[in-house]
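Side chains included, hydrogens not; waters and symmetry mates left out as well; all remaining heavy atoms used. Lettering of chains follows the sequences in order, A, B, ..., and the numbering in each one begins at 1.
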There are 2 protein chains.
Amino acid sequence: MKVELETEEKILDAARIIFQKRGFEGARMQEIADEAGINKSMLHYYYRNKDNLFMEVFQAGIKKIFPQLFAIMNKDIPLKDKVWEIVEFYHTMFKENSHLPMFVIHEMNQHPERFREFIQKVGITFPEKFALQIKQEVQDGNIIPISPQQFLINIVSMCMMPMIARTMVMTVFQFDESQYESFMDEREELIPDMIFKGVSFFKGV
Amino acid sequence: MKVELETEEKILDAARIIFQKRGFEGARMQEIADEAGINKSMLHYYYRNKDNLFMEVFQAGIKKIFPQLFAIMNKDIPLKDKVWEIVEFYHTMFKENSHLPMFVIHEMNQHPERFREFIQKVGITFPEKFALQIKQEVQDGNIIPISPQQFLINIVSMCMMPMIARTMVMTVFQFDESQYESFMDEREELIPDMIFKGVSFFKGV
DNA sequence: GTCTATATAACGATAGAC
DNA sequence: GTCTATCGTTATATAGAC
């Protein structure tokens, strides 16, 4: 039925918003219902309990990030272009979904075993072609000896950390909303440059 | 009394462990009592309610990080040595307090207004001497034009992100405990090098 | 100060009418 | 499918004996 799908979808949207903002423990079924503009009982009618609803949201979160990220990482393009794309991906993705990175990481830390199983089942494994590309660049003497894992974490760290620690950044630096946005826009240009000079053979300042 | 202080301290230690691991919403007063090896009523006797106890832990967390970090940042030493010290500080600090960074950042995001006030009251403001030092290095042409804020966030990001996303790093890279530790040890060497080459005038790979 | 017992409130979940 | 009313549980918090 048309109405059926609409309600189910409204619930999922609302759940996504509330769970991502508050986390599993902080989220209230009532608040999700309010956000969806429906009755609390409907949540149980469609998803039986809080756990199920949460898992839908969590899995959707994972699937929103990793396939796209890994697709970029496995592209057949020069490393330099790739880094630019990854940085751009993070900055556009999380402008629209500002709570998503913190949500995924926080909930993973709360239930490591539970999600380790899930992530491996969905086939989230380190992108093969990216690993080979880095190794090749190292072998060709284009970049310093660095593992693909370290290379990736450098990029991800530079992009995600100031998103996750948004409140702290704004507080300590006394930024308002627009100053924070400028700061992040500036980073989008800065990061690829930092990353590449960081893995070059150039010595010292 | 001797016993009095002992109990109060035991509660605070237990609260620190549980709150940092589970967050405010996930923490249970009973679990804190169990961790402390005392009766649940004692928590209320000494700290009246969950909120008070939490704030003690949160404030202790803030005070454990910022004063030390900012002290290093304001030292009268060359920028290069300073970066090394900051990186070392993060890696030693959070080897002992692995949940502390996620805890502080997560709780700040949950109650921005509440903690913004607190942080400004304690006098957590961007270190003046560090800012001047960066500006001087830029002016002297030693490093590229970069704001002190961006410079700091680069370091902090590279250090903290893989600590905060520990479970995710271990899962995606399929690391066990000892592999993760090696990975982090390796970063401690890698990061200062990355940071400095990143702000150099060297062009391209 | 420390314990047991209990009050009180919040939340997830269900029953049943429509 | 959707609502109201309510159950059962769990969590914070308090009362009162010792």
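- Partners of B/Ile77 under the side-chain contact (heavy atoms from CB on, under 4.5 Å) rule, at least two apart in sequence or in another chain, are B/Lys75, B/Asp81, B/Lys82, B/Glu85.
- One can place CG of A/Leu43 at 14 Å from P of C/dC11, the figure rounded to the nearest angstrom.
- Partners of B/Glu107 by salt bridge (charged side-chain N to carboxylate O under 4.0 Å, His left out), not counting sequence neighbours: none found.
- Listed pair A/Tyr47 / C/dA13 fails the phosphate criterion, with no side-chain N or O lying under 4.0 Å from OP1 or OP2.
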I'd like a table of donor-acceptor pairs (distance under 3.5 Å, sequence neighbours excluded) in which one partner is a side-chain atom from residues 35-43 of chain B, with atom names and distances.
| residue | atom | partner | partner atom | Å |
| --- | --- | --- | --- | --- |
| B/Asn39 | OD1 | B/Ser41 | N | 2.9 |
| B/Asn39 | OD1 | B/Ser41 | OG | 3.2 |

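- Take B/Phe151 and apply the ring-ring contact (aromatic ring centres under 6.0 Å, His included) test, not counting sequence neighbours, and it matches no residue.
- As a whole-Å value, the separation of A/Phe24 CZ from C/dC11 C1' is 12 Å.
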Letter per nucleotide, 5' to 3', of nucleotides 5-18 of chain D [B base touched, S only sugar-phosphate touched, - untouched; heavy atoms, 4.0 Å]: B-----SBBBB---
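- Listed by chain and number, the residues in a ring-ring contact (aromatic ring centres under 6.0 Å, His included) with A/Phe115 are A/Phe58, A/His111 (sequence neighbours excluded).
- As a whole-Å value, the separation of B/Lys10 NZ from C/dT2 C1' is 11 Å.
- A centroid separation of less than 6.0 Å is found between the aromatic rings of B/Phe175 and B/Phe183.
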